[in-house]
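Since this is a predicted model, take the numbers as computed values, not measurements. Throughout, protein chains are lettered first and strands after them, A, B, ... in sequence-line order, and every chain is numbered starting at 1.
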There are 2 protein chains.
Amino acid sequence: MSSRKATSNDVAAAAGVSRSAVSFAFNNPQRISVATRERILAAAERLGYTPDPLGRMLRAGTTNSIGVLLPQRLAWILENPYYSRFLMGAGQVCDQEGYTLLLTPPLQDSVLKAIPYAAVDGFVVCGLEADRGEVAELSRRGIPFVLIDSDRVPGAPSVEVDDRGGAHEVTRYLLDLGHRRLAVLSMDPGAAVTERGYRGPLARRMAGIADALAECDLTMADVQLTEVPVTRAEGYRATRDLMAGGRAPTAILALSDILAYGAVDALQELAIKVPSEVSVTGFDDLSESAWFRPRLTTVRQPIVTKGRMAAEFLISAIRGEEQHPHQVLGTSLIVRESTTKPA
Amino acid sequence: MSSRKATSNDVAAAAGVSRSAVSFAFNNPQRISVATRERILAAAERLGYTPDPLGRMLRAGTTNSIGVLLPQRLAWILENPYYSRFLMGAGQVCDQEGYTLLLTPPLQDSVLKAIPYAAVDGFVVCGLEADRGEVAELSRRGIPFVLIDSDRVPGAPSVEVDDRGGAHEVTRYLLDLGHRRLAVLSMDPGAAVTERGYRGPLARRMAGIADALAECDLTMADVQLTEVPVTRAEGYRATRDLMAGGRAPTAILALSDILAYGAVDALQELAIKVPSEVSVTGFDDLSESAWFRPRLTTVRQPIVTKGRMAAEFLISAIRGEEQHPHQVLGTSLIVRESTTKPA
DNA sequence: CTGAAAGCGCTTACAG
DNA sequence: CTGAAAGCGCTTACAG
């Protein structure tokens, strides 16, 4: 038993047949006689032969794998329940269609650089807020891709959510309840983005908030905006700071359920009653939000559906079927127990 | 612009050089003159050429990707926070070492079948409770692998947690508090496993519980065992049933935090106070458990570390460095607010 | 029923 | 500094 991996050549030699026969034994049994086949299989077993997937893929021109091109390192992505949900949706389709899922984080901090190294039949591209050549690189590679959580790029298929409408609806709801001292707890857009304003879903949510404020003759200057990384601990910390400040809000509008959980944690610790003293809203409607106490009022976005559709569109593009240029999914306001009129 | 993807051949022809030169232009610039290089790059740009990753990988004999061989469909795996944590640990290492992560679910319901189709340099194998030839197939493929959450297989490297010790400790803790009417809320081991008793981590946890019971002259027959799929809703449902039964427990020992959350949900809905009327314990110590109300008493297992170690061991094996045959990580009982003496 | 050949796309010794 | 050749491992028309 040599240490080198056995190839179809070795098996062919051992069984006294050609490489074609070996391949047929594995992939096309009816093309060779039973006797030959058994001889080949026995030799393969003895040598510990297994067809090399890379050779197969190169030959077939297909990997049966779809890539998820991620905007951040894996450790951060997988910490975020939003991405778990999204990947679950994409995973459903992979399960169904027999694809594996390649998680592709930036290479040397560059999404662009990761593109040419992934052995996949297509990409779902996540959170590409500012296109820094990624779309061009993707087209150059000549494999299909679908954008999600991005700004719209002409000619690039995408699956989006009506973030603007969702943010408008929840803001309007709080305003209609009578709240005027609003705090917005937003996700940190990251250093790169600030120079030219918001991008992607966050920009749309901000616009939605502004829309609603304008309807009540208010502007963004009338709300307290805090931007933090999306973790429960950061939501907690930010809320403690907020409540310690001069003009405490009567409602906290979080742009993520995770941040809303942290906000409630902080308020409870400060013995401030939710919702009677301060209302709190989230965004996403993660499954925990229905179990959370108080049950969280939030904007539901169909995260799993988004993942599912993105993967479905991608796979039909891979198969050369119909093209789906853009798809916008609706949101809905889920009113539960964490909101009420201001005291 | 033809629809066929450009290859290094096309670029070579367009630039009037050999394919070697094209390769050098991309991978080894100093081997050719600046002028030639620029001519080649210009041609590549014009033709939209990008080196094909599959050709490159086949040649190099390396994919820069590690596979995670999963025991269930992606949709189920990604629904389970346990796996998110585990993948986060593995992801940390991938980030650091520049690997991508290929999620490889069973193919046609067979873990075995998925093995030869994944273009990876090695596998982390999860939850292989009963070895049905997977280990042999893995060895045959001739790439390194590390087992997680498995029974020990001779010669197969693994990273484990001291499930038995953890289960012993929490059971003993409840017993020492004075609880004698215990209900154990366990994960459903799946149809295949029951015939020959428990396997893997679940078997070890059961053994740990039995150890502790024996120390108080009790046996498994003295506890109420319920087995359900690991979701909060199932934990909730099972607990409602439990409390409706004849001899309601004074303590519920859940073998997963998720199930413990569901148990508390049910108790709260039944207006049964936790912990004063019924104590509840979990297993895992997910990050939410510290935020949960009442803060959950649970067995902490180092899930992220497990993922990290598995990936580290795998990568050093891929690099032909030292071998790490078996590693057992400790657990610890985290006592919080969900447990107290029986009423 | 079986084999020799071509080719998927790439890179790296080897000559010149 | 540059090119022709070999080869990574596979499969599938094409002959026989």
When rounded to the nearest 0.5 angstrom, what is the spacing between CG in A:D121 and OG1 in A:T62? 3.5 Å

Compute the ring centroids of B:Y49 and B:F26, then answer whether they are less than 6.0 Å apart. yes

Sorted by position of nearest nucleotide on DNA chain D, 5' first, the leading residue of B:R31 and B:L58 is B:R31

Pairing check on C:dA13: which nucleotide meets the Watson-Crick or G-U wobble criteria with it, both distances under 3.5 Å? none

Touch check for B:N9, heavy atoms < 4.0 angstrom, all strands: base, sugar-phosphate only, or nothing? nothing

Base, sugar-phosphate, or nothing for B:T62, non-hydrogen atoms under 4.0 angstrom? nothing

Between B:L54 (CG) and C:dG7 (P), how many Å, whole number? 19 Å

Between D:dT11 (P) and A:I32 (CD1): distance, integer Å: 12 Å

Quick one: label B:V17 by what it contacts on the DNA or RNA (base, sugar-phosphate, nothing), any heavy atom closer than 4.0 Å. sugar-phosphate

At 4.0 Å (heavy atoms only), tell me whether B:S20 reaches a base, stays on the sugar-phosphate, or touches nothing. base

Taking CZ from B:R37 and P from D:dT2, how many angstroms apart are they, rounded to a whole number? 13 Å

Provide, to the nearest angstrom, the distance between the CZ atom belonging to B:R59 and the P atom belonging to D:dG7. 10 Å

Rounding to a whole Å, what distance do you find between B:M57:CE and C:dT11:P? 12 Å

Closest of D:dG3, C:dT2, D:dC1 to the B:S33 side chain is D:dC1

Derivation and outcome, side chain to side chain contact (heavy atoms under 4.5 Å, CB included), residues A:V68 and A:L102: CA-CA 6 Å; A:V68 183; A:L102 184 73; over 6 Å; no

What does B:N27 touch in the nucleic acid at a heavy-atom separation under 4.0 angstrom: a base, only the sugar-phosphate, or nothing? sugar-phosphate

Distance (rounded to the nearest 0.5 Å) between A:K306 NZ and A:F86 CZ: 7.5 Å

Using a heavy-atom cut-off of 4.0 Å across all strands, would you classify A:F26 as base, sugar-phosphate, or nothing? nothing

Rounding to an integer number of Å, can you tell me how far B:R141 CZ sits from D:dG9 C1'? 12 Å

Regarding A:E79 and B:R85, does a basic nitrogen lie under 4.0 Å from an acidic carboxylate oxygen? no

Does B:T36 make a side-chain N or O approach to OP1 or OP2 of D:dT2 shorter than 4.0 Å? yes

